[in-house]
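Structure first, then comments.
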Amino acid sequence: MRKAIKPGVDWQAVKLVIFDCDGVLSDGKIIYGLQNGMEKIELKNFNAHDGMGLTLLHLADMIPAVITGRSSAALSQRCRDLRIKFVFQKVQNKLAKAEQLIEKLGLQWSQTVYMGDDWNDIPCMQKAALSACPADAPEEIRKLADLIVQHRGGEGAARDLIEHILNKKGIYNQVVEAYLQDISD
């Protein structure tokens, strides 16, 4: 991981983590198929390690959100499974949608981390307290991100970012212990 270059991130203030989907939560591959020869179905790969990271984010009383330019039933189901309440699909202007969400939650950009992997994510990445991208994001995006995580999109990139945030907040061990206690009860 590259160290964040934005000075002065107040890690204790970070409450919201917004993710793009394709190329961040998924590997970016979009697989089409036909059901009964007529109805289009779309398949996406999601990583279980990212899912655990999102579970830890909930336990840390932080809010995960997804803003994506595409629409996918697979993403809707994955977000339901992970209890992600704020999921916005088929969004052309991600910055406007993120600003609406931040206002609705009574937060500010200084309390928001954004992870994206392509040009349509840059406006949000520029406003966020910290911007991150997967290791396999295009070179131009990696140059603009504050943090390039170790893993590729859909292969643990979200988990990398979440663990980075929890470590910077100094709560990683407590959150893991809370998770282990929850599953032992």
Side-chain angles (χ1 to χ4, degrees), residues 1-21 24-26 46-68 75-89 91 94-117 121 123-134 145-151 153-185:
M1 269 189 248
R2 184 176 69 153
K3 289 189 177 186
I5 57 174
K6 272 189 188 169
V9 175
D10 179 359
W11 293 104
Q12 301 313 314
V14 172
K15 302 283 184 219
L16 174 65
V17 184
I18 303 174
F19 299 92
D20 177 33
C21 177
V24 173
L25 295 178
S26 79
F46 296 104
N47 188 288
H49 291 192
D50 288 339
M52 177 58 72
L54 288 155
T55 297
L56 296 178
L57 202 61
H58 283 296
L59 285 170
D61 291 324
M62 296 179 67
I63 303 165
V66 177
I67 301 176
T68 182
L75 174 61
S76 296
Q77 183 60 52
R78 181 68 170 151
C79 289
R80 278 192 299 275
D81 291 347
L82 294 172
R83 301 178 302 119
I84 300 173
K85 292 187 337 187
F86 301 104
V87 182
F88 306 97
Q89 299 192 64
V91 175
K94 292 183 178 187
L95 180 60
K97 183 56 72 178
E99 288 178 339
Q100 289 171 359
L101 175 61
I102 290 166
E103 183 178 332
K104 176 181 180 172
L105 295 172
L107 299 174
Q108 299 174 6
W109 277 107
S110 62
Q111 297 172 287
T112 305
V113 171
Y114 188 95
M115 181 176 236
D117 74 317
D121 297 304
C124 291
M125 291 172 72
Q126 290 174 330
K127 294 272 247 178
L130 182 86
S131 65
C133 71
D146 299 316
L147 177 70
I148 303 167
V149 299
Q150 177 181 342
H151 288 89
E155 296 179 7
R159 173 80 171 262
D160 285 348
L161 175 61
I162 292 164
E163 288 185 359
H164 181 79
I165 294 167
L166 297 178
N167 278 308
K168 288 291 189 179
K169 286 170 103 36
I171 60 172
Y172 178 78
N173 290 333
Q174 297 96 307
V175 172
V176 171
E177 287 173 23
Y179 172 77
L180 293 173
Q181 185 64 40
D182 274 357
I183 63 170
S184 317
D185 289 341

- Item | Derivation and outcome, side-chain contact (heavy atoms from CB on, under 4.5 Å), residues Phe19 and Ile162 | CA-CA 11 Å; Phe19 299 92; Ile162 292 164; 4.0 Å; yes
- Item | side-chain contact (heavy atoms from CB on, under 4.5 Å) assessment of Met115 paired with Val149 | CA-CA 10 Å; Met115 181 176 236; Val149 299; 3.6 Å; yes
Rounded at 0.5 Å granularity, tell me how far [atom1] in [X] sits from [atom2] in [Y].
X: Ile84; Y: Leu54; atom1: CD1; atom2: CG; value: 4.5 Å
X: Cys133; Y: Tyr114; atom1: SG; atom2: OH; value: 12.0 Å
X: Asp50; Y: Glu155; atom1: CG; atom2: CD; value: 9.5 Å
X: Gln77; Y: Phe46; atom1: CD; atom2: CZ; value: 10.0 Å
X: Leu57; Y: Leu16; atom1: CG; atom2: CG; value: 9.0 Å
X: Ile165; Y: Met62; atom1: CD1; atom2: CE; value: 5.0 Å

Using every non-hydrogen atom in the two residues, find where [X] and [Y] come nearest and quote the distance to one decimal.
X: Ile18; Y: Ala98; answer: CD1-CB, 4.0 Å
X: Asp117; Y: Pro134; answer: CB-CD, 3.9 Å
X: Ala60; Y: Leu166; answer: CB-CD2, 3.6 Å
X: Trp109; Y: Cys124; answer: CZ3-O, 3.7 Å

- Item | Exam field: side chain Gln111 to backbone Gln108, donor-acceptor pair closer than 3.5 Å | yes
- Counting distance only, does the side-chain N/O of Lys169 pair as donor-acceptor with the main-chain N or O of Val14 below 3.5 Å? yes
Do the side chains of [Y] and [X] get nearer than 4.5 Å, heavy atoms only?
X: Glu99; Y: Leu95; answer: yes
X: Lys127; Y: Pro123; answer: no
X: Leu130; Y: Lys168; answer: no
X: Tyr179; Y: Met52; answer: yes
X: Val66; Y: Cys79; answer: yes
X: Val17; Y: Pro64; answer: no
X: Lys94; Y: Asp121; answer: yes

- Go through the steps for Leu25 and Arg78 under the test side-chain contact (heavy atoms from CB on, under 4.5 Å), then give the verdict. CA-CA 10 Å; Leu25 295 178; Arg78 181 68 170 151; over 6 Å; no
- Using the side-chain contact (heavy atoms from CB on, under 4.5 Å) rule, take Leu75 and Gln89 through it: C-alpha gap first, then chi angles, then the decisive distance, then the call. CA-CA 9 Å; Leu75 174 61; Gln89 299 192 64; 3.8 Å; yes
- Query: Within a radius of less than 6.0 Å around NE2 of His58, do more than 12 heavy atoms belonging to other residues, nucleotides or ligands occur?
  - Reply: yes
